[in-house]
Structure formats: structure tokens, C-alpha cells
Amino acid sequence: MDDGHHEALAVLGAGTMGHSIALAAALAAWPVRLWGVSPRDLETARRRMLRKLDTLTEEGALPDAERGRVLARIDFTESQSWCVEGAALVVEATPEDLGHKQAFFRAVEPLCGPDAIIASNSSGLSPTAIFQQMTCPTRGLVMHFWNPAHLMPLVEVVPGHHTTRGTVSRALDSLRQMGKQAIVVRREVPGYLGNRLQYALFREAQYLLEQGVASAADIDLAAELTLGRRLGLTGPFRTADMGGLDVFHAISGYLFPSLSTEHESGSALRALVDQGALGEKAGRGFYAWSDEASRAMERTRERDLIRWWMRDRGSADA
Ligand SMILES: NC(=O)c1ccc[n+]([C@@H]2O[C@H](COP(=O)([O-])OP(=O)(O)OC[C@H]3O[C@@H](n4cnc5c(N)ncnc54)[C@H](O)[C@@H]3O)[C@@H](O)[C@H]2O)c1
């Protein structure tokens, strides 16, 4: 484990992303301050971190003795000003609403040091719009971590119109020091790269369900046991190269006209949302989720992600 000196990180927002971004940095030896809205918010974050650390230890990815040291690097606070004080990098992970984020950054910017980089973990909003109300939007950018942030290796860096090159290069340095692989999205597009690809698949999956082509469970299996197995190794272009571009060209020709071009969520999804069946967190969505099922799925996913994480770290050290 890297124990070299690192600048301090401030994470604003202690939910699904905030707690795992804080953990990602602490695992890479950064001192971290995590801000949450209430003692309960912070307590939940701490519990979720402990569970993640347990899984890492059980899988042999983190020596038992390291757990305490990793946790000791994270301070939990309800004070925004103390959280960002002295931080070289501030990462925001609060609700995905443009008006909220604009007001949030307007309030937080004066609390940050003059040289701090200010990042939003937005899933797809325009960074130019997010940082519009800051005095110094040159130091703002999106750093889009993926869930769970301590195990997912890639972060999309998205500069806005005002972001300077210096800001981008410092952000890339910080992410490298966190052991992340970062890519720069050259032009602002809604959803950046990863979510555009994810939602293209989600739209088509909903369309197939609506058309009665297969059940939700079978559509999931078709993705998990075909594309899912391969995509971690070869993305769409490498896959096409390996399959033969003439073949991919011919199939695109007859398939593209029949793919979904829907502009809204499908009716099955809308009905579930209307009924409050919001997925795992509500106990019901496309599937029924008991607490045990939920815990088991999270563990299975984390276990496999930990194997990749160890593999990635092994190749980075090599
Ligand atoms: N969940 C994901 O898979 C995922 C992945 C990548 C990016 N994101 C993005 O990360 C951000 C946070 O998402 P999340 O899933 O962690 O959300 P979440 O609901 O789990 O957590 C949000 C946290 O923000 C804080 N918060 C809540 N209400 C607030 C308010 N009114 N003002 C200020 N802070 C408040 C709290 O600390 C809360 O725990 C969003 O922009 C989201 O789009 C989410």
C-alpha cells in the first residue's frame, strides 16, 4: 500500500458515491475529509465503508492491519468550511439537480482555498452550466467516478468551456495518485461517454421488454453472459476489429433501422416509478429485493470487482 505524502481531499456528500470516493482516496493513502448533511448521513457512510473494508479483507485484497489505517485517514464532518479547508481537491457528490449544484458551488467556492480544484461527480450534466455561478469557473470540472468508486478503475474528466488546461492536468495527476485511470472527454455532451453507452443499452433493453421479445430476466442474462463477459476486455471498437469490420458493417446496415429511437423511458419503467417500486432501495423494481438478496448481490458484485481491482493493481505495479 502506498503511504507516500498526498495532498488532502475534501468530499462533499456522503451517499452512495461520496463514501466510496472517500474510501478510494483513503485506500491510496490520501488524507480525506468527508462532509455529510447530518450525523445519521455520516454514520451510514461510515457503516458502508466498514462493510466494504470487510469485503476487501475477506477477499485478501487488504491486510487486516491496514483496515484501521485506511479508516483513520478519513475525518467525518458536518462543517463544510472545515471539510474544504486546506484541500487541494474538492469533489462534490450531492443530488443530481442542476439548480441545486449551481447554488451549492456558489456557496462552497468562497470556503475553498484559492488553489483548490473544484470537481463535481455529476453523472452527465454540463460542467459549463454546473460551475456557471462560481467566481472562478476556470478551476471547475467534472470528475465522473463510477459506483462503487473504490473499485471501479475509470474516471471521466470533463472540462467545461472555462476550465483551464492547468486545471485538467492537475485533476489528472490527482486521479493518477488515487490509482485511477482517467480519460478526458473532449467535448461536453450530456451523459459524457459511459452513461451514453449505458443508456443506449438501457433504452434498447426496455424496448425489447415492451415489445414482448423476452422477459426482463432473460434480457439481463443476454447482456450479462455475452456482452458483459467481453466488455471488460474489449470495448465496442476493439470487439468490432476482432469480429471483422465487414461483418459489423453488414449487421449495422440491417439492424440500425430496427433499433429503438425512443425519447422517453418505456411504460414498464414509468409504471414502476409511479408505484414507488424504485428498485433495490424500495424492495421492488424489475425484481423483488429482500434485504438478504440485496446484501448477497452487493457482495457478489464487489467480490468480482475486487478480483479485477487486484488484477489492475498487479499490472500497474509490473
Ligand atoms: N449512484 C450512482 O451510481 C452514481 C454514479 C456516478 C455518479 N453519480 C452522481 O453522484 C452524485 C451523488 O449521487 P449519489 O448516488 O451518491 O446520491 P445519494 O443520494 O446516495 O447521496 C447524496 C448525498 O448528498 C448529500 N445531500 C443530500 N441532500 C442534499 C442537499 N439538499 N444539499 C446538499 N447535500 C445533500 C448527502 O450527504 C447525501 O448522502 C449525483 O450527482 C449522481 O448523479 C451517482
Side-chain angles (χ1 to χ4, degrees), residues 9-25 32-49 51-52 74-84 89-109 111-112 118-127 129-131 133 140-158 160 171 175 178 180-183 185 188-199 201-202 278-282 285 289 294 297-298 301-302 305:
L9 170 72
V11 181
L12 297 167
T16 301
M17 294 311 292
H19 88 277
S20 64
I21 293 170
L23 190 57
V32 182
R33 288 180 183 176
L34 175 66
W35 169 86
V37 286
S38 64
R40 192 164 163 202
D41 190 35
L42 291 169
E43 190 41 46
T44 306
R46 184 195 289 274
R47 248 199 344 264
R48 294 172 89 179
M49 281 182 197
R51 219 161 51 219
K52 287 182 162 58
I74 305 170
D75 283 314
F76 296 78
T77 180
E78 281 175 82
S79 158
Q80 280 181 357
S81 54
W82 189 74
C83 181
V84 300
L89 174 63
V90 175
V91 177
E92 169 272 345
T94 66
E96 183 80 343
D97 174 89
L98 181 59
H100 156 76
K101 286 199 195 289
Q102 288 174 331
F104 190 81
F105 282 113
R106 192 179 56 223
V108 160
E109 185 189 19
L111 308 174
C112 299
I118 300 183
S120 171
N121 183 51
S122 171
S123 297
L125 296 170
S126 148
I130 291 176
F131 300 110
Q133 297 180 14
L141 43 61
V142 162
M143 271 187 186
H144 181 219
F145 290 82
W146 284 68
N147 177 34
H150 68 305
L151 296 177
M152 295 293 275
L154 187 116
V155 178
E156 295 175 80
V157 171
V158 195
L175 289 167
M178 258 179 237
K180 295 297 179 195
Q181 185 148 339
I183 51 170
V185 179
E188 275 187 83
V189 282
Y192 323 134
L193 301 185
N195 270 328
R196 290 186 79 90
L197 295 168
Q198 173 167 229
Y199 278 76
L201 180 64
F202 190 43
L278 302 182
E280 185 187 354
K281 64 185 170 190
W289 291 91
S294 197
M297 192 65 238
E298 188 181 309
R301 182 163 87 165
E302 261 174 44
L305 288 174

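In each ligand, atom 1 is the first atom listed, and ligand 1 is the first ligand listed.
- Not counting sequence neighbours, the partners of Leu278 by the side chain to side chain contact (heavy atoms under 4.5 Å, CB included) test are Val273, Lys281, Ala282.
- The protein non-hydrogen atom at the shortest distance from atom 22 (C) of ligand 1 is Ala93 O, 3.8 Å.
- Note: an N/O pair closer than 3.5 Å links Ser123 and ligand 1 by distance alone.
- Formation of a donor-acceptor pair under 3.5 Å by the Arg33 side chain with backbone atoms of Val84 is not found in this model.
- Atom 44 (C) of ligand 1 has Met17 CG, 3.3 Å as its closest protein atom, hydrogens excluded (heavy atom only).
- Protein heavy atoms are absent from the space less than 4.0 angstrom from atom 17 (O) of ligand 1.
- Between Leu111 and Trp82, every side-chain heavy-atom pair lies at or beyond the 4.5 Å cut-off.
- Nearest non-hydrogen protein atom to atom 15 (O) of ligand 1 is Thr16 CB, 3.6 Å.
- By the 3.5 Å distance cut-off applied to N or O atoms, Asn121 is counted among the residues near ligand 1.
- You'll find the side chain of Asn147 reaches within 4.5 Å of the side chain of Met17, heavy atoms only.
- With ligand atoms numbered from 1 in the order given, ligand 1 contributes 6 (C), 7 (C) to contacts under 4.0 Å with heavy atoms of His144.
- Every atom of ligand 1 is numbered from 1 in the order shown, and the set under 4.0 Å from a heavy atom of Trp35 is 33 (C), 34 (N).
- At least one N or O atom of Glu96 sits closer than 3.5 Å to an N or O atom of ligand 1.
- In summary, the atoms of ligand 1 found under 4.0 Å from a heavy atom of Lys101, numbered by their order in the structure, are 40 (C), 41 (O).
- Annotation: the span from Arg48 atom CZ to Leu23 atom CG amounts to 11.5 Å, rounded to 0.5 Å.
- Nearest protein neighbour of atom 39 (O) of ligand 1, counting heavy atoms only, is Asp41 OD1, 2.8 Å.
- In this structure, the protein non-hydrogen atom closest to atom 28 (N) of ligand 1 is Pro95 CG, 3.6 Å.
- Polar contact with ligand 1: absent for Trp146 (N/O pair, distance under 3.5 Å).
- Ligand 1 has no N or O atom lying under 3.5 Å from any N or O atom of Gly36, backbone or side chain.
- Partners of Phe104 by ring pair (Phe, Tyr, Trp, His ring centres under 6.0 Å), not counting sequence neighbours, listed by chain and number: Trp35, His100.
- In summary, the side chains of Glu96 and Ser122 do present a donor paired with an acceptor at a separation below 3.5 Å, with no hydrogens or angles considered.
- With respect to atom 21 (O) of ligand 1, the closest heavy atom belonging to the protein is Gly15 CA, 3.2 Å.
- In terms of N/O distances under 3.5 Å, ligand 1 is not approached by Gly13.
- Looking at Arg106, Gln133, Glu92 one by one, the single match for side-chain contact (heavy atoms from CB on, under 4.5 Å) with Lys101 turns out to be Glu92.
- Counting heavy atoms from C-beta on, the side chains of Lys52 and His19 come closer than 4.5 Å.
- Considering both main-chain and side-chain atoms, Ser122 never comes within under 3.5 Å of ligand 1 through any nitrogen or oxygen pair.
- Smallest separation of non-hydrogen atoms from Ala182 and Leu175: CB-CD1, 3.8 Å.
- Here the side chains of Asn121 and His144 are in contact, with some heavy-atom distance below 4.5 Å.
- Met143 has its side chain within reach of Leu89: a pair of non-hydrogen atoms, C-beta onward, lies under 4.5 Å apart.
- Not a single heavy atom of Glu92 sits closer than 4.0 Å to an atom of ligand 1.
- Scanning the protein heavy atoms around atom 34 (N) of ligand 1, the nearest turns out to be Thr94 CG2, 3.4 Å.
- Asn147 CB, 3.4 Å is the protein heavy atom nearest to atom 3 (O) of ligand 1.
- At least one N or O atom of Ala14, backbone or side chain, sits closer than 3.5 Å to an N or O atom of ligand 1.
- Between Ser38 and Glu43, the closest side-chain pair of non-hydrogen atoms is not below 4.5 Å.
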